[in-house]
K.L.:
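First the structure, which I've put down as C-alpha cells, then a few questions once you've had a look.
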Amino acid sequence: MFKKATKSQIKIRLALSGASGSGKTFSALAIAQHLGDNIALIDTEHGSASRYADRFTFDTCELNDHHPARYIEAIKAAEAAGYEVIIIDSLSHAWFSELELAGKGFDGWKNVRPLERKLIDAMIGSSSHIIATMRSKTEWIMEEYTAKDGKTKQAPKKIGTAPIQSSGIEYEFDLAGELDYNHILTISKSRCPELADKTFLNPGKDVADTLKAWIGQPQQPQETPPWKLWKSPEDAINWASEQLPDWDIDAIQEEFNELSPSNGKKAPAWVERVMQLKEPF
C-alpha cells in the first residue's frame, strides 16, 4: 500500500504574476527553455507571445474562447503531443470567463466552481511542467527618493499588487512569484527551500537550474510524440484509427483532410484534434 516517497515524478508548477509590462511572458519563456526541450504556449493575449519567436523556440495555441474547458483541452492536447513544458499565458483570462459565467449573483458560482476546480486539477495533475502567468492589479504609490541636491522628494510609482485571479490560487503551485517593472522576480511562496524569499533580476536559467536540482532531474525521458513514428499521412490516419476505434476510417480521413496546420505543422495539430475527438470535455 505504501512505498518510499521520491521526487522522480515531480513536475514543476510555477506561477508568475505581474502588471502589464513587467515581463511575465518573457520570464516564463526564459525559465521554460531551461526546464525542457520542447515548449507549448497557450496564448490568450492575441498572439503577443509570438513577438519573442526570434529569442525562444516554442509552439503556440491561441485561445480566443477563454472558457475553462478550452484551457483544459489545450493542456491535454499539449500533454498528448509530448511537450515537456506548458506555459499558460495568461491564466487570468480564465478568471474573467468564470466571472462572466457566474453573473452578479451568488447562485451562479455553484456551477462555476467545479469548472475552476477541473482547470486547477488539469494543471497540477499534468505530466508536463506548468508555468502560468497572471495579471496583477495596478496601483500608484508615492515613493521617496534622494534628488541630486540631496533633498528627499516623492514621485509616483506604478506597482502590481494582487493577482487578478481566484483568491488563494498561488497555493496550488510549487512556486509563486511577482515581477515588478524592473523585471525583478520576488519569490513569495516556494516549496523549494533554495528559492524561498529570493529575488532574481531577469529570471531564467538560474531559477530553472535550481528547480531541476530540487526535483532531481535528469528524470526518465518522456514518451516519444506519436508523430515521430509516422512516415506518411497514412501512418497518421492509422494511428488515429487506433485512438478512435468507433470511428469510420473515411470519417477520420475527412477530419484529417480538413485540418489546417498549426504554425506550419500538421502532425502536432492532428494529435491535438484526435485527442479532442477522443476525450470531448
Side-chain angles (χ1 to χ4, degrees), residues 11-25 27-28 40-49 60-80 83 85-140 158-180 188-189 191 272-273 275-281:
K11 297 296 181 180
I12 299 300
R13 307 289 181 252
L14 168 61
L16 300 174
S17 63
S20 177
S22 59
K24 298 184 296 296
T25 304
S27 297
L41 189 145
I42 300 170
D43 190 339
T44 68
E45 302 278 2
H46 306 289
S48 63
T60 64
C61 166
E62 292 189 27
L63 284 190
N64 296 317
D65 180 352
H66 301 148
H67 190 288
R70 304 291 83 78
Y71 278 81
I72 295 171
E73 289 174 356
I75 292 169
K76 288 184 176 181
E79 291 173 352
Y83 289 101
V85 187
I86 301 173
I87 298 174
I88 303 172
D89 186 40
S90 135
L91 189 60
S92 293
H93 285 100
W95 176 242
F96 296 149
S97 177
E98 290 166 16
L99 291 174
E100 184 177 343
L101 290 168
K104 296 182 178 180
F106 289 103
D107 291 342
W109 284 102
K110 66 182 179 182
N111 296 321
V112 174
R113 288 302 184 193
L115 288 173
E116 180 184 52
R117 188 66 247 175
K118 286 183 178 180
L119 175 53
I120 292 172
D121 288 344
M123 291 189 295
I124 64 178
S126 176
S127 58
S128 306
H129 298 303
I130 296 287
I131 302 176
T133 70
M134 295 179 284
R135 294 181 180 180
S136 291
K137 299 174 184 177
T138 303
E139 294 183 1
W140 288 90
K158 188 164 64 170
I159 62 170
T161 56
I164 302 176
Q165 194 63 47
S166 176
S167 177
I169 186 70
E170 64 272 16
Y171 295 108
E172 303 289 352
F173 293 85
D174 298 315
L175 193 75
E178 294 75 44
L179 283 153
D180 65 17
S188 57
K189 184 257 181 177
R191 294 191 177 113
E272 178 179 345
R273 179 57 181 155
M275 290 301 103
Q276 291 174 348
L277 296 172
K278 183 179 180 181
E279 300 180 15
F281 185 81

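Here, residue 1 is the first one in the sequence, and each next residue gets the next number. Keep in mind that this is a model prediction, so the values were computed, not measured.
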K.L.:
Y171 and R191: which non-hydrogen atoms are nearest, and at how many Å?
P.N.:
O-NH2, 3.4 Å
K.L.:
Supply the atom-to-atom distance H67 NE2 to E100 CD, rounded to the nearest 0.5 angstrom.
P.N.:
10.0 Å
K.L.:
Tell me if a side-chain donor or acceptor on R70 pairs with a main-chain N or O of N64 at a distance below 3.5 Å.
P.N.:
no
K.L.:
What's the spacing between I120 CD1 and L115 CG if we round to 0.5 Å?
P.N.:
11.5 Å
K.L.:
Spell out, as yes or no, whether a donor-acceptor pair under 3.5 Å connects the side chain of Y71 to the backbone of L119.
P.N.:
no
K.L.:
Report the residues that fulfil side chain to side chain donor-acceptor pair (under 3.5 Å) with S48, sequence neighbours left out, ordered by chain and then residue number.
P.N.:
none
K.L.:
Return the CG to CZ distance between L91 and R135, rounded to the nearest 0.5 Å.
P.N.:
12.0 Å
K.L.:
Any idea which heavy atoms bring I72 and A122 closest together, and the distance?
P.N.:
CG1-CB, 4.1 Å
K.L.:
With rounding to the nearest 0.5 Å, note down the distance linking NE2 in H66 to CD in E98.
P.N.:
12.5 Å
K.L.:
How many angstroms lie between CD in E272 and CE in M275, if you round to the nearest 0.5 Å?
P.N.:
10.5 Å
K.L.:
Look up atom OG in S97 and atom CG in D65, then write down how far apart they are to the nearest 0.5 Å.
P.N.:
7.0 Å
K.L.:
Start with the C-alpha gap between K76 and E73, add the side-chain angles, then the distance that decides, and say whether salt bridge (Lys or Arg N to Asp or Glu O under 4.0 Å) holds.
P.N.:
CA-CA 5 Å; K76 288 184 176 181; E73 289 174 356; over 6 Å; no
K.L.:
I'd like to check the side chain to side chain contact (heavy atoms under 4.5 Å, CB included) partners of A176; sequence neighbours left out, ordered by chain and number.
P.N.:
A15, E170, S188, K189
K.L.:
Could you tell me which residues satisfy side chain to side chain donor-acceptor pair (under 3.5 Å) with N111, sequence neighbours excluded, listed by chain and number?
P.N.:
none
K.L.:
So, do L16 and I131 sit near enough that their side-chain heavy atoms are less than 4.5 Å apart?
P.N.:
yes
K.L.:
Can you name the nearest heavy-atom pair linking G47 to E62, along with the distance?
P.N.:
CA-OE2, 3.6 Å
K.L.:
Between T44 (side chain) and S90 (backbone), is there a donor-acceptor pair under 3.5 Å?
P.N.:
yes
K.L.:
What closest approach, in Å, do F173 and R13 show between heavy atoms, and which atom pair accounts for it?
P.N.:
CB-O, 3.5 Å
K.L.:
Any sub-3.5 Å donor-acceptor pair from T25's side-chain atoms to A49's backbone N or O?
P.N.:
no
K.L.:
Show the nearest heavy-atom pair for residues K24 and G18, with the distance to one decimal.
P.N.:
NZ-O, 3.0 Å
K.L.:
What is the minimum heavy-atom distance between D174 and K11, and which atoms define it?
P.N.:
OD2-O, 3.4 Å
